[in-house]
Amino acid sequence: MEDIRKHHEDTQCVHASFIPDDTGAVVTPIYQVSTFSFRDVDHGANLFSGKEKGYIYTRMANPTIEALEKVVAVLEKGYRGLACASGMAAIHTAITALVSAGDHIICSESVYGPTNTLLKTVMSRFGIETSIIDTSDLDAIKAAIKDNTRVIYVETPGNPTLVVSDLAAIAELAHGHSAKLVVDNTFMSPILQKPLTLGADVVVHSMTKFLNGHADVVAGMIVVKNEEDFKHFRKVLNQIGGVIDPFNAFLVARGIKTLAIRIERHCSNAEAIARYLENHPKVDRVHFPWFKSHPQHDVAKRQMTGPGGVISFELSGGIEAGKTLMNSLRLCTLAVSLGGVETLIEHPASMTHASMSKEDREKAGITDGLVRIAVGIEKVEEIIEDLDKGLAKV
Ligand SMILES: *Cc1c(COP(=O)(O)O)cnc(C)c1O
């Protein structure tokens, strides 16, 4: 399919990772090899100098990995993708590619816990300063921008409070100060939000979540907008070395074939469950971008095409009530992660966001009583029945 970029994304999910070969294989096979032979010495030299196209060594490029990079880049409407060993490898590589000692980063306060920790405790040791702020507040961003701000790093909807940041407005602010906007699009997947079309420069994903979708792979992706960035990022990734392996790349590409239909079910299930929780007398507050009560509901409706599959909520009984609920569930599994076909429930303050300081957590609205549910694609009535039995014990 030459014109895969012109197709609907439902079709792109199925076909964009296909690279035809001489065997007639209908999916791109697993090239489980570390190194590729050269026809002769000149061929090897030409591959290294870039005069000829071809494969050299899997850390540099591999056909199965390229197939996966292609489908994600097509879905994100980006130039090229760079597949990584994990979401954190993608985030680390992207940040490292964009900043140097003495530079400043602005980062959303409602962000994946280890991202906050990477910036505040690892990158800080290399002379990179980070301001953690509420990126849903444009005035807060304006106040935080400095002459040496090179990156605005935004996760939206934010983890786990689902606070929404206005990507188009932030891109404008960033570009007015020669900074780049990097967006973690894990919670939305390219089906529900395409940051590059809203002005972002770089998208990162934990493909461990919706893109793979089956809770059996850890993987990440970077998508860039132009050839110049691609060449630079490829070099940095090749040197840092956090690449995916061909087998995992194959699994993620397989998962993506059903991404569009899985996302549909994740969204409809999540909406029904959020509504159920909102009407439950033991639930104080539900964070869900599709509700009018959500503080950035208008921005959400403008830049997202669906609410996603993650809900967070607070029980009137605080953390003790949350513990009783999480320990009582039978269908919903007590585990971190999200975006898989199975419904998972977890406690951010003691689990996904435990690496953040309590102060940073509280600033980001991650109270001790907050519970996060990553809604799967099971029969929604059965998920609600499980929650209903659990809440009855609270
Ligand atoms: C899980 C996650 C990450 C980290 O990805 P890994 O694949 O676990 O390294 C980053 N950002 C978000 C929003 C995530 O949910």
Side-chain angles (χ1 to χ4, degrees), residues 68 72 76 81-96 105 107-120 122-123 132 135 151 153-165 167 182-193 195 200 202-223 237 240-245 248-249 251-252 255-256 263 266 270 287 289 304 307-312 335-340 344-348 351-356 361 364 366 370 372-376:
L68 170 64
V72 181
E76 286 287 2
L82 301 104
C84 301
S86 68
M88 287 314 300
I91 293 164
H92 178 218
T93 303
I95 297 288
T96 308
I105 299 174
C107 174
S108 305
E109 63 188 7
S110 201
V111 77
Y112 186 67
T115 303
N116 169 300
T117 318
L118 170 74
L119 294 172
K120 297 247 324 206
V122 180
M123 301 309 281
I132 307 270
T135 50
V151 167
Y153 183 96
V154 173
E155 192 176 308
T156 180
N159 187 352
T161 57
L162 304 173
V163 58
V164 171
S165 299
L167 292 178
V182 180
V183 177
D184 183 334
N185 203 26
T186 301
F187 267 45
M188 290 282 92
S189 91
I191 302 298
L192 299 178
Q193 176 171 276
V202 176
V203 164
V204 291
H205 275 285
S206 169
M207 298 197 294
T208 312
K209 316 296 166 54
F210 289 103
L211 289 172
N212 179 59
H214 295 77
D216 49 14
V217 172
V218 171
M221 183 69 81
I222 304 168
V223 183
L237 176 58
I240 289 181
V243 296
I244 195 169
D245 98 312
N248 277 346
L251 285 177
V252 178
I256 289 173
I263 289 287
H266 281 293
H287 301 277
M304 296 149 54
V310 181
I311 305 164
S312 58
V336 299
S337 199
L338 57 106
L344 305 179
I345 194 159
E346 68 112 4
H347 177 231
M351 297 172 187
T352 43
H353 293 71
S355 70
M356 281 166 75
R361 274 203 307 270
I366 308 166
L370 195 73
R372 186 183 83 184
I373 175 161
V375 178

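All values below were derived from every heavy atom in this structure, side-chain atoms included, with hydrogens, water molecules and symmetry-related copies excluded. Atoms within a ligand are numbered from 1 in the order they appear, just like the ligands themselves. What you see is a predicted model; the values in this text were computed from it and never measured.
Protein heavy atom closest to atom 1 (C) of ligand 1, with residue, atom name and distance, is K209 NZ, 1.4 Å. Among protein heavy atoms, the minimum distance from atom 8 (O) of ligand 1 is reached at Y112 OH, 3.8 Å. For atom 7 (O) of ligand 1, the nearest protein heavy atom (residue, atom name, distance) is T208 OG1, 2.6 Å.
Scanning for side chain to side chain contact (heavy atoms under 4.5 Å, CB included) contacts around S86 gives M88, A89, V218, with sequence neighbours left out. Evaluation of the salt bridge (charged side-chain N to carboxylate O under 4.0 Å, His left out) rule for K209 yields no partner, not counting sequence neighbours.
Side-chain atoms of T156 come within 3.5 Å of backbone atoms of S165 as a donor-acceptor pair (strictly under, hydrogens ignored). Without hydrogens or angle criteria, S206 side chain to T186 main chain gives no donor-acceptor distance under 3.5 Å. Put simply, the side chain of N185 gets close to the backbone of Q193: a donor and an acceptor are under 3.5 Å apart. A donor-acceptor contact shorter than 3.5 Å is absent between the side chain of H353 and the backbone of S110.
Among the atoms of M88, some N or O lies under 3.5 angstrom from an N or O of ligand 1.
Atoms of ligand 1 lying under 4.0 Å from any heavy atom of E155, numbered from 1 in the order shown and given with element: 13 (C). With ligand atoms numbered from 1 in the order given, ligand 1 contributes 5 (O), 6 (P), 7 (O), 9 (O) to contacts under 4.0 Å with heavy atoms of G87. Numbered from 1 in the order shown, with element, the atoms of ligand 1 that lie under 4.0 Å from a heavy atom of A219 read 7 (O). Within ligand 1, the atoms closer than 4.0 Å to a non-hydrogen atom of D184 are 10 (C), 11 (N), 12 (C), 13 (C), numbered from 1 in the order shown. Here is the list of ligand 1 atoms found below 4.0 Å of a heavy atom in I91: 10 (C).
Between Y153 and the options I91, V202, I132, a side chain to side chain contact (heavy atoms under 4.5 Å, CB included) holds for only I91.
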